[in-house]
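Okay, so here's the structure we're looking at.
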Amino acid sequence: MTYPYFFKQKRYHTWNEELHERFGGKVFKVPLDGGFTCPNRDGHVAVGGCTFCSATGSGDLILEPREALPEQFSAEVAAMHQKWPYAEQYLVYFQNFTNTYAPVSVLRERFEQVLALPGVVGINIGTRPDCLPPETIAYLKELNERFYLWVELGLQTTFAATSRQINRGHDYETYLKGVAALRKANIRVCTHLINGLPGETPEMMVENVKRTIRDSDIQGIKLHLMHLLKHTAIAQDYRAGKLQLLDQKTYVAVICDQLELLPREVIVHRLTGDAPWDQLIGPCWSLKKWEVLNAIDREMARRETFQGAKAIRRRK
């Protein structure tokens, strides 16, 4: 087989490659805690949140979450500069909980104070598809015209039964409407999917990517491993024998199957996740992130395959 090599760094379209091409050098993605909550926690949709979600709403690794936003930014950048001392461009990432779940006046006040900091070239906003009213879309459209903007939408699964089991609090149709509203405003969308949710087989995990690409006009994707953390509701399912953790070999095979389905232009923001070692029940092999990524590279090479080798056709 002659391998048609489309990508510069890997056999898939990496986030790092995208940033280098756009900004001409290293760009830090700086995680921040914007002080938001979630409709799936405060009773608007449900209480307790998604069963896999930690008390910090996926912000466990933010260094100074209780500090004001500029101080959080400074702390994160200082830590990153220990590894990359010469980088001077930053994307602020409002990461945990639901970062459009507030009036536009609040969003504007919180986002703008860090967008004005030296070196900030863009913003990533993590949110839910049921928290995108028209006035929020209008503000995001304005931001998109001024900065490099991505909206990261948590979907996690396309299967209704799984969504109910993990207490997701919205359905697939809501996700599709959210993507459509963002794309009408020409806003880039990165969808999050989790591999290893309760009851989902490898075939279902691959089907999640098939449906997402077929049904929604997304520009990026994050594929996560389901990290089982202490003090989460899903830990009870694990103790009751209702959840089996993925082994590394299975996870790598699923990721490679998923990558083959992605159109070449879709940017792969992440292929595994980070979890705090002192909170992680499993899978413990996930703590060795580079070993996982290297295993994915080896499997793609063994298959002589690449992103888009079996690309799903998008619906018009």
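Model, not experiment: these values are computed from the prediction.
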Query raised in the report: Which atom names give the shortest non-hydrogen contact between Gly154 and Pro129, and what distance separates them?
Result: O-CD, 3.5 Å
Query raised in the report: Any donor-acceptor pair under 3.5 Å linking the side chain of Thr98 with the backbone of Thr100?
Result: no
Report task. In plain terms, say whether Lys177 and Asp171 are close enough for a salt bridge, that is, a side-chain N and a carboxylate O under 4.0 Å apart. Result -> no
Query raised in the report: Does any donor atom in the side chain of Gln165 or Asn167 lie under 3.5 Å from an acceptor atom in the other side chain?
Result: no
Report task. Search all heavy atoms of Val120 against all heavy atoms of Val114 and return the closest pair with its distance. Result -> CG2-O, 3.4 Å
Report summary line: Heavy atoms of Met204 and Glu200 approach each other most closely as SD-CA, 3.7 Å
Query - Tyr90 ring center near Phe73 ring center (under 6.0 Å) - result: yes
Query raised in the report: Can a salt bridge be assigned to the pair Glu17 and Arg22 using a cut-off of 4.0 Å between side-chain N and carboxylate O?
Result: no
Query raised in the report: Taking NZ, NE, NH1 and NH2 as the nitrogens, is one of them in Arg303 or Glu260 under 4.0 Å from a carboxylate oxygen of the other?
Result: yes
Query raised in the report: Can you tell me how far CG of Leu293 sits from NZ of Lys288, rounded to the nearest 0.5 angstrom?
Result: 14.5 Å
Query raised in the report: Should we say atom CZ of Arg146 is surrounded by more than 12 heavy atoms from elsewhere, each under 6.0 Å from it?
Result: yes
Query raised in the report: Just checking, is any N or O donor in the side chain of Asn195 or Gln258 under 3.5 Å from an acceptor N or O on the other one?
Result: yes
Query - Between Tyr175 and Ser216: side-chain donor-acceptor atoms closer than 3.5 Å - result: yes
Report task. Grab the two heavy atoms, one from Gln307 and one from Leu262, that are nearest each other, plus how far apart they are. Result -> CG-O, 3.4 Å
Query raised in the report: Does Lys249 come within less than 4.0 Å of Asp247, counting only side-chain N to carboxylate O?
Result: no
Query raised in the report: Do Arg314 and Glu265 sit within salt-bridge range, that is, some charged N less than 4.0 Å from a carboxylate O?
Result: yes
Query raised in the report: Do the two ring centres, one from Phe111 and one from Phe94, sit under 6.0 Å apart?
Result: yes
Report summary line: Nearest heavy-atom approach of Cys38 to Arg128 is SG-CD, 3.7 Å
Requested in this report: Might you confirm whether atom NZ of Lys141 has over 12 heavy atoms from other residues, nucleotides or ligands at distances under 6.0 Å?
Outcome: no
Report task. For the pair Phe28 and His81, name the ring-plane relationship: parallel under 30°, tilted 30 to 60°, perpendicular over 60°. Result -> tilted
Report task. Enter the distance from Thr212:OG1 to Glu207:CD here, rounded to the nearest 0.5 Å. Result -> 9.0 Å
Requested in this report: Over 60° means perpendicular and under 30° means parallel, so classify the ring planes of Trp150 and Tyr148, tilted if in between.
Outcome: perpendicular
